[in-house]
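In what follows, every chain begins at residue 1, and chains take the letters A, B, ... in the order their sequences are listed.
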2 protein chains.
Amino acid sequence: MDAIDARIIRALQRDGRLTNLELAEEVGLSPSPCLRRVRNLEAAGVIQGYTALVDQKACGYPITCLVRIRLANHSQENVQAFEKKIAETEAILDCYLMTGGADYELRIVARSLDDYEQLVRHTIQKLPGIASIETSFAYGVVKKSRILPVRVEKGA
Amino acid sequence: MDAIDARIIRALQRDGRLTNLELAEEVGLSPSPCLRRVRNLEAAGVIQGYTALVDQKACGYPITCLVRIRLANHSQENVQAFEKKIAETEAILDCYLMTGGADYELRIVARSLDDYEQLVRHTIQKLPGIASIETSFAYGVVKKSRILPVRVEKGA
DNA sequence: GCCAGTATTGGCATATTATGCCAATTTACA
DNA sequence: TGTAAATTGGCATAATATGCCAATACTGGC
């Protein structure tokens, strides 16, 4: 990954639908090698995909919650059942294994407080071995970036 | 927004670089009205943009932290200085205003623990009116979805 | 149930873009 | 400096986007 690859990644994070001609112009290459670099980055897994960014509110999900969860015990069954349910539940967008007071932190979206309550009661609390659930609601968004500040790297 | 718009949004979240022909096929429309719907969704702000999803590790950011911050006081100057610095700092990807114990929760990426320490010492702790900083590190990712489960809506 | 008015659709012609190939250039290294 | 490998740029062709127009499908009023 050299400086041109880094510029390609930056540009495609800023606008994932740039045409190859626009991209080539922006990174200072002719279209042909530019496209080849993009395909290489995709094949290498550096670029994992492309997605449309949508307005949560306009799509009916005005509520974002960050939820910290502790498990009573980390038996294989409990962990597997928990992570399987996470994967299946579309309203749970992210789930990280965390250091510190909680085992997991989830980012969850909901259509309403009632909707969120249903999710907690019917999906999360029913899982075996949940020790605690601590919810914080986001009442404002200061920043929401999906652009990793890529610079030149050695290796890969 | 009707059922076809919902399908368009779902499809473009799954793959933001679908060609209009592929998209039209998938949502059951001919290319012409399909493209018009996409442009309308973009103009209405429902689709806010497109982005490439990149591998954090491959780009040199193996570390993700979730950081909870409290301010000592919420004077206009402190809040403005804080949020301005957040906006300027590329390694801070997200920042939410939260209910509960902390005022803000940040998602921060770093190249190394040293890198994270530098960021905290030189950027965050230097801001006026910081009462506390509580960092949790993500040592695993169970789920990382950027697909909002859009269904049919009334209105807009 | 019918009719007028409006919005939406599908098809087509044209402009733009992507893609694969090859020769030329640059880079790496002994 | 010489040689091999990697990368680049240009070109021809295939695929795709875009704007326009007629045809179709919805809507509300009577």
Checklist entry - Has the side chain of Thr99(B) got a donor or acceptor atom that lies under 3.5 Å from a matching backbone atom of Phe137(A)? => result yes
Checklist entry - Any luck finding a side-chain donor-acceptor pair between Tyr96(B) and Ser136(A) under 3.5 Å? => result no
Checklist outcome for this item: Rounded to whole Å, the CD-P distance (Glu25(A) to dT16(C)) equals 16 Å
Checklist outcome for this item: Per salt bridge (Lys or Arg N to Asp or Glu O under 4.0 Å), Asp5(A) is matched among Arg39(A), Arg37(A), Arg10(A) by Arg37(A)
Item to check | Closest-nucleotide 5' rank along DNA chain D - winner of Arg37(A) and Arg17(A) | outcome: Arg37(A)
Checklist entry - What nucleic acid atoms does Ser30(A) come within less than 4.0 Å of, heavy atoms only: base, sugar-phosphate, or nothing? => result base
Checklist entry - Within the pair Arg39(B) and dA17(D), is there a side-chain N or O less than 4.0 Å away from OP1 or OP2? => result no
Item to check | For atom CG of Leu12(A) and atom P of dA18(C), their distance in whole Å | outcome: 11 Å
Item to check | Side-chain heavy atoms of Ser132(A) within contact of Arg68(A), under 4.5 Å | outcome: no
Item to check | Spatial distance of atom CG (Leu127(A)) from atom CD (Glu83(A)) [nearest 0.5 Å] | outcome: 11.0 Å
Next on the checklist: Using a 6.0 Å cut-off, check whether atom CD of Glu26(A) has over 12 heavy atoms from anything other than its own residue.
Outcome noted: yes
Next on the checklist: Using whole Å, what does the distance between atom P of nucleotide dT17(C) and atom CG of Leu21(A) come to?
Outcome noted: 5 Å
Checklist entry - How bent is the helix from dG1(C)-dC30(D) to dA30(C)-dT1(D), comparing axes over its five end pairs at each side, to the nearest 10°? => result 60°
Checklist entry - Between Leu18(A) (CG) and dT16(C) (C1'), how many Å, whole number? => result 15 Å
Checklist entry - Rounding to a whole Å, what distance do you find between Leu23(A):CG and dT17(C):P? => result 13 Å
Checklist entry - Can you name the ring pair (Phe, Tyr, Trp, His ring centres under 6.0 Å) partners of Tyr104(A), sequence neighbours left out? => result Phe82(A)
Write down the protein N/O and nucleotide N/O pairs, taken from nucleotides 20-28 of chain D, whose separation is under 3.5 Å; answer none if there are no such pairs.
residue: dC20(D); atom: N4; partner: Ser32(B); partner atom: OG; Å: 3.4

Item to check | Nearest-nucleotide pick for Thr19(A), side chain only, options being dG9(D), dT18(D), dA18(C) | outcome: dA18(C)
Checklist entry - Between dA7(C) atom P and Leu29(B) atom CG, what is the distance in whole Å? => result 18 Å
Checklist entry - Do Leu71(B) and Ile124(B) share a hydrophobic cluster (ILVMFWY, side-chain heavy atoms under 4.5 Å, transitive)? => result yes
Checklist entry - Roughly how many Å is it from CD1 in Ile8(B) to C1' in dT9(C), rounded to a whole number? => result 13 Å
Next on the checklist: Does Gln56(A), at its CD atom, have more than 12 non-hydrogen atoms belonging to other residues, nucleotides or ligands within less than 6.0 Å?
Outcome noted: yes
Next on the checklist: What is the separation between atom CG on Leu35(B) and atom P on dA17(D), rounded to the nearest whole Å?
Outcome noted: 8 Å
